[in-house]
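Lettering of chains follows the sequences in order, A, B, ..., and the numbering in each one begins at 1.
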Amino acid sequence: MDDRYYPQTVEEKWQRVWEENKSFRAVRDDARPKYYVLEMFPYPSGRIHMGHVRNYSIGDVVARYKRMRGLNVLHPMGWDAFGLPAENAAIERNIHPEAWTRDNIQYMNTQLKRMGLSYDWDREIATCEPDYYRWNQWIFLKFYERGLAYKKSSFVNWCPSCLTVLANEQVIEGACWRCDSVVVQKELEQWFSRITAYAEELLNNLDRLAGWPDKVVTMQRNWIGRSEGAEFDLPVVGRDDLKVRIFTTRPDTAFGMTYAVLAPEHPLVDKLVADAGERAQVEAFRAEVSKQSEQERTAEDRPKRGLRLSSSVTNPFTGVAIPLFIADYVLLGYGTGAIMAVPGEDQRDWDFAKRYGLDIIETVQRPADWTGEAYTGEGVKINSGFLNGLDVEEAKRRAIDWLVEGGLGEAKINYRLRDWGVSRQRYWGTPIPIVYCDKCGIVPVPEKDLPVTLPRDVPFTGKGGSPLAESKSFVETTCPGCGAAARRETDTMDTFVDSSWYFLRFTSPSYAAKPFDPTEADYWMAVDQYIGGVEHAVLHLLYARFFTKALRDLGLTKADEPFTNLLTQGMVSKETYRCEEHEWLFPSELVGSEAEGWRCPKCGRPAIKGRVEKMSKSKKNIVDPEDLIAQYGADTARLFTLFAAPPEKDLEWNSQGVEGAFRFLTRLWRFVVQNQEQLAAARAPSDLPADLKDLNRLVHRTIKKVTEDIETRFHFNTAIAAIMELLNAVIAAAQKESLDGRAAVVKEALVAIVTLLYPFVPHVASELWSALGQKQPLDEVGWPAYSSAALEQEKLLIVVQVNGKVRGKITVPADASGEAVEAMALADPKVKGFVAGKGIHKVIQVPRRLVNIVLEG
RNA sequence: GCCCGGAUGGUGGAAUUGGUAGACACACGGGACUUAAAAUCCCGAGGCCCCGGAAGGGGCCGUGCCGGUUCGAGUCCGGCUCCGGGCACCA
């Protein structure tokens with residue numbers, strides 16, 4: 001064996017072995033416990049980035065560790081292959097989205113293989129394949145049958161110049177990213193998925209997700225946003241046929257209602273306008289509002305704008321007529337799209353009332369010392385008719401009772417969660433399997449005609465409507481019902497549909513009769529450990545939960561929840577550089593030096609060191625993992641990303657640290673190779689000298705620490721640090737004298753090091769394993785166990801504090817009594833100096849750790 | 001704006017349950033080896049200050065900021081600041 005470490009040779013060798021042996025193929029085996037570990041599959045953007053390296057390194061540690069623990073591990077990988085960037089490439093570079101995507105997948109596939117990840121590649125899937133997306137269509141049809149997919153009108157970002165729908169990402173400060181025109185909200189008929197039907201279950205089951213980070217559970221809970229309240233009608237004055245239905249969480253405050261507000265887009269508004277003049281005003285107001293994003297409309301620090309309508313409504317509680325407005329801060333999509341306004345107890349209403357000179361009535365008694373504007377706290381009801389004297393909770397109940405008795409309204413639970421708009425006016429996605437017939441209306445494509453495949457004859461211009469509408473061969477079809485000429489739906493599905501059930505497809509990736517084989521899914525589901533970026537905390541993870549429940553209710557799976565344990569990894573970020581003139585700069589293109597200041601290569605201006613940002617191509621702060629792997633090997637790339645920070649934390653990239661990871665592997669390699677012969681001949685000595693006893697204890701302590709760090713919290717950085725410490729100790733012990741007589745203990749330590757390192761750096765670990773003379777392949781070796789007996793210490797180091805400050809350290813026998821430890825602490829010369837002449841108030845002991853002497857006075 | 005996080009040496013981080021702050025590593029400085037360099041190995045190191053000729057010893061301060069609880073706070077509580085993620089058509 002060469003005593004220099006050449007990662008490329010080692011890694012190629014082991015990757016070939018794993019591929020030839022299909023070492024990581026997962027086969028259902030009802031006799032064995034399974035473990036399903038999954039990392040969020042990537043979008044094939046072209047090349048893998050450091051975020052992928054981090055994500056997949058973490059997943060691979062888990063997969064390999066669990067295999068060593070004897071579990072039947074499923075660890076698959078695939079491609080989230082539909083999406084906007086492929087279509088942008090088609091528009092900008094005249095490459096077909098399919099070709100672009102296929103090339104990217106191929107390239108990234110080799111990149112992932114070069115990392116030595118233990119995937120079952122036989123299960124690879126790509127969501128853009130008809131074999132995959134036909135099941136999106138199949139599920140859509142099942143949802144449609146059950147009312148879980150339906151059509152309604154909603155708003156999209158519209159560029160009036162490009163005449164096209166824009167993604168939020170394509171709207172930059174309210175303007176189109178290509179032509180800079182002001183983007184407006186345009187109403188379109190679109191398909192929705194009824195996630196709100198599962199709102200209650202999605203909320204309640206959060207309590208069962210003990211293996212999820214609290215913050216993700218909290219974010220989802222807030223996102224679903226359950227609120228209890230009431231819905232009731234406000235009759236329009238002088239218009240017996242018209243009523244404004246409102247939702248409120250505070251029915252107790254109805255006596256303080258001094259005006260009411262409709263969302264500007266509310267359909268009732270059109271019926272309320274009195275004449276052409278008012279209509280023009282309403283239209284002008286709507287046009288203004290349509291330029292605002294929802295975020296701007298609801299921001300609490302912005303002035304709320306409204307338009308008073310000529311109509312009034314009656315407050316049913318008081319019988320008093322109150323003004324009616326349309327205003328930007330009321331959204332059509334939430335509740336009923338209309339509110340009663342109680343400025344006394346709602347800050348937004350208070351702001352609006354002040355701006356438009358409206359009355360404010362207080363209906364809750366303020367505490368005596370309270371100052372402020374709207375009051376939202378507890379208190380006794382005042383100015384509230386039959387509710388006077390009650391507390392808020394009781395008043396809510398009485399108000400609802402009163403509404404129900406009068407037939408005016410009802411108790412209502414409302415969710416902030418909205419139904420999921422799945423329509424996209426784009427090409428590179430799953431065609432929605434619907435046909436429009438003049439006679440039969442909306443007709444679902446029959447199951448036997450699936451998949452509805454994407455046509456090739458589509459121009460990509462970036463202008464106009466949905467690209468599929470341009471394909472005659474696609475649009476023109478016959479009605480499955482009556483056979484007459486009909487038109488296909490030209491919208492495609494949101495790509496979140498693809499990723500909402502792919503984990504189920506992985507259990508039987510080529511199953512042809514259904515989206516997945518129920519027998520396989522029953523064995524492998526749920527995913528035991530899911531790993532991915534924290535940026536998916538709400539949308540993807542909520543949609544996947546929804547789909548799992550809906551597919552369960554279709555009888556396809558027994559799983560209630562898709563992911564038992566969730567690890568949300570932090571982002572990989574790096575500092576950025578920019579030039580006033582030429583924007584973002586690659587660090588590699590800067591001229592000058594760190595000391596004198598970097599300069600822009602184009603104009604020589606100083607390069608400004610910008611903020612640390614999430615790595616992205618546009619900000620030119622990416623590190624290409626390929627370069628890293630080419631230079632140091634996959635093991636070093638993996639080791640460094642795992643060592644640099646715990647997985648859930650953001651990782652600020654610092655390329656210098658990589659050297660350290662590489663050096664560690666080199667040190668280990670050299671030590672093993674140089675001592676190979678002595679280690680192979682090692683015999684266990686009968687009685688260990690004290691320093692070797694310490695080393696032996698450290699071996700077992702390290703096994704314990706690494707096991708716990710992986711098992712309980714995925715803190716690979718501290719696990720690796722512990723292994724590094726053990727290697728340092730081994731080398732130090734071996735250096736003191738020759739290896740003779742101590743080779744056995746040293747060898748035991750090295751065997752432990754190599755075994756513990758296997759999940760992190762599998763190639764080099766496998767190679768060193770054979771160098772240590774081990775016969776059985778490391779892939780098949782179990783995880784090492786530690787001996788509690790070997791962990792026993794004879795002496796303990798105890799910290800002695802006086803008044804909470806460390807004043808001394810004493811070594812005591814492990815079995816010393818509390819009294820004995822206290823006596824030894826007080827006998828310590830340094831401690832004596834601090835205690836001398838003062839009375840002892842009390843002594844606090846933390847067994848095996850600390851003594852704190854608290855003095856009087 | 002709203003929801004959710006985060007902040008510890010020159011740097012990444014460690015301290016797992018309120019008990020030695022800075023493990024491990026990077027960068028840096030000094031030394032060994034070398035004709036020289038690289039590589040490798042050894043040593044040093046939070047800041048400020050004091051004692052000593054030196055080796056060494058000692059004190060105070062210190063975990064974003066202000067306040068609190070406690071014998072004891074990086075860790076708990078209250079109030080801020082700054083940074084990051086998400087906000088429903090990026091994935």
Q: Would you please enumerate the stems RNA chain B participates in, each stem being three or more consecutive Watson-Crick or G-U wobble pairs with both distances under 3.5 Å?
A: B:1-7 with B:81-87, B:10-12 with B:24-26, B:28-32 with B:40-44, B:46-51 with B:56-61, B:64-68 with B:76-80

Q) Between A:E187 and A:S153, is any side-chain donor less than 3.5 angstrom from a side-chain acceptor? A) yes

Q: State which residues pass ring-ring contact (aromatic ring centres under 6.0 Å, His included) with A:F640; sequence neighbours excluded, sorted by chain then number.
A: A:W653

Q. Under a 4.0 Å N-O cut-off, is there an ion pair linking A:E648 with A:R713?
A. no

Q. Are OP1 or OP2 of B:A27 and a side-chain N or O of A:R663 less than 4.0 angstrom apart?
A. yes

Q | Closest nucleotide among B:G19, B:C87, B:U20 to the A:V846 side chain | A | B:G19

Q) For the residue pair A:Q569 and A:G51, what are the closest heavy atoms and their distance? A) NE2-O, 3.7 Å

Q) Would you say A:K809 reaches B:G19's phosphate, i.e. side-chain N/O to OP1/OP2 under 4.0 Å? A) no

Q: Determine the contact category for A:V843: base if any of its heavy atoms lies under 4.0 Å from a base atom, sugar-phosphate if only primed atoms, P, OP1 or OP2 are that close, otherwise nothing.
A: nothing

Q: Starting at CZ of A:R302, measure out to CG of A:D351 and round the result to the nearest 0.5 Å.
A: 14.0 Å

Q) Looking only at side-chain N and O atoms, does A:N717 come under 4.0 Å of OP1 or OP2 in B:A14? A) yes

Q. Across the strands shown, which category fits A:Q845 at heavy-atom distances under 4.0 angstrom: base, sugar-phosphate, nothing?
A. nothing

Q: Could you check whether A:H540 gets within reach of a base, just the sugar-phosphate, or nothing at all, counting any heavy atom under 4.0 Å?
A: nothing

Q: Please work out if A:Q801 contacts a base, only the sugar-phosphate, or nothing of the nucleic acid, heavy-atom cut-off 4.0 Å.
A: base

Q. So, is A:N803 close to the B:G72 phosphate, meaning a side-chain N or O under 4.0 Å from OP1 or OP2?
A. no

Q: Could you tell me whether A:R807 contacts a base, only the sugar-phosphate backbone, or nothing, with contacts defined as non-hydrogen atoms closer than 4.0 Å?
A: sugar-phosphate

Q) Under the 3.5 angstrom rule, does the side chain of A:D494 hit a backbone N or O of A:V497 as a donor-acceptor pair? A) no

